[in-house]
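Hydrogens, waters and symmetry mates are skipped; everything else that's a heavy atom, side chains included, is used. Counting starts at 1 for both ligands and their atoms, in listed order. What you are looking at is a predicted structure, and each value in this text was computed from that prediction instead of being measured.
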Amino acid sequence: MASIPTPEHVDPDCIFCKIVARELPAFVLDEDERTLAFMDINPASRGHALVMPRAHTQDLLTIGPEDLQAAVQSAQRLAARMTDRLRCDGVNLLNCCGAPAWQTVFHFHIHVIPRYKDDPARDPLRLPWIPAPGNMDDIKAVAEELNA
Ligand code: AMP
Ligand code: ZN
């Protein structure tokens, strides 16, 4: 039986907490003790879903290791199910951490996005950047900053 978050794990203003509490509707795909997976209502591709911890936590920087592990495992289950049932050709996992990184709902979640080869009707997605070789001195300097 799935656990119900205790009051300190609920943000009364959070729409995803309301989905966990079933106060808002959702097309639920998977649930376990720690997580809930459901359809995204603004799908980037056919079958786009979200996985979140039941307990409210803002983002990647605040989620605890057990909830993060459970969410990643749920995302893996979903990716396998999408591959099996939707016959998708690939899957993207996406997490947005912070408004500048496109986060709009501040209850941690992982996007699980099925991808379809050469099928713009089901999958209009394109890479959001143009890959190009970086400047090695800049890359080295950033690595040094990260490692300092
Ligand atoms: P992000 O921008 O990474 O915070 O993603 C938030 C996602 O939640 C967006 O893709 C929205 O389409 C989705 N979303 C917002 N409200 C709902 C809802 N009530 N049910 C399902 N998905 C939602
Ligand atoms: Zn929440």
**Report entry** Which N, O or S atom of His107 lies nearest to the Zn ion (ligand 2), by name
**Finding:** ND1

**Report entry** Closest protein heavy atom to atom 5 (O) of ligand 1, given as residue, atom name and distance to 0.1 Å
**Finding:** His109 NE2, 2.9 Å

Query raised in the report: Once rounded to 10°, what is the value of the angle centred on the Zn ion (ligand 2) between Cys14 SG and Cys17 SG?
Result: 120°

Query raised in the report: Could an N or O of ligand 1 be found under 3.5 Å from any N or O of Val105, whether backbone or side chain?
Result: yes

Query raised in the report: Quick one: does ligand 1 sit under 4.0 Å from the side chain of Leu94, the backbone, both or neither, non-hydrogen atoms only?
Result: neither

**Report entry** Nearest neighbour in protein (non-hydrogen) for atom 22 (N) of ligand 1
**Finding:** Ile41 N, 3.4 Å

Query raised in the report: For the side chain of Asp123 and the backbone of Asp119, is there at least one donor-acceptor N/O pair under 3.5 Å apart?
Result: no

Query raised in the report: Between the main-chain N or O of Pro114 and the side-chain N or O of Arg122, is there a donor-acceptor pair closer than 3.5 Å?
Result: no

Requested in this report: For atom 4 (O) of ligand 1, grab the closest protein heavy atom and report residue, atom and distance to one decimal in Å.
Outcome: Thr104 N, 2.7 Å

Query raised in the report: atom 3 (O) of ligand 1: which protein heavy atom is closest, and how many Å away?
Result: His111 NE2, 2.7 Å

Query - Whether Asn95 side chain and His109 backbone form a donor-acceptor pair below 3.5 Å - result: yes

Query raised in the report: With a 4.5 Å heavy-atom cut-off, do Arg54 and Glu31 have their side chains touching?
Result: yes

**Report entry** Under 3.5 Å donor-acceptor, Gln69 side chain and Ala71 backbone
**Finding:** no

**Report entry** Backbone N/O of Tyr116 and side chain of Asp89: donor-acceptor pair under 3.5 Å
**Finding:** no

Query raised in the report: In His56, which N, O or S atom comes closest to the Zn ion (ligand 2)?
Result: ND1

Query raised in the report: Is a salt bridge present between Lys18 and Asp13, judged by a nitrogen-to-oxygen distance below 4.0 Å?
Result: no

Requested in this report: Give the contacting part of Phe16 toward ligand 1: side chain, backbone, both or neither, where contact means a heavy-atom distance below 4.0 Å.
Outcome: side chain

Report summary line: Checking heavy atoms under 4.0 Å, the part of Ile15 that sits near ligand 1 is side chain

Query raised in the report: Sub-3.5 Å donor-acceptor pair from the side chain of Thr62 to the main-chain atoms of Gln58, do we have one?
Result: yes

Report task. Examine distances only and state if a side-chain atom of Ser74 and a backbone atom of Ala70 form a donor-acceptor pair shorter than 3.5 Å. Result -> no

Requested in this report: Considering the heavy atoms of Cys96, write down every atom of ligand 1 situated less than 4.0 Å from one of them.
Outcome: 3 (O)

Requested in this report: State the NZ-SG distance between Lys117 and Cys88, to the nearest 0.5 angstrom.
Outcome: 14.0 Å

Query - Proximity flag Phe106 to ligand 1, non-hydrogen atoms under 4.0 Å - result: no

Report task. Look at atom 21 (C) of ligand 1 and say which protein heavy atom is nearest, naming residue and atom and giving the distance to 0.1 Å. Result -> Met39 O, 3.4 Å

Query raised in the report: Would you say Asp40 has any N or O atom under 3.5 Å from an N or O of ligand 1, going by distance alone?
Result: yes

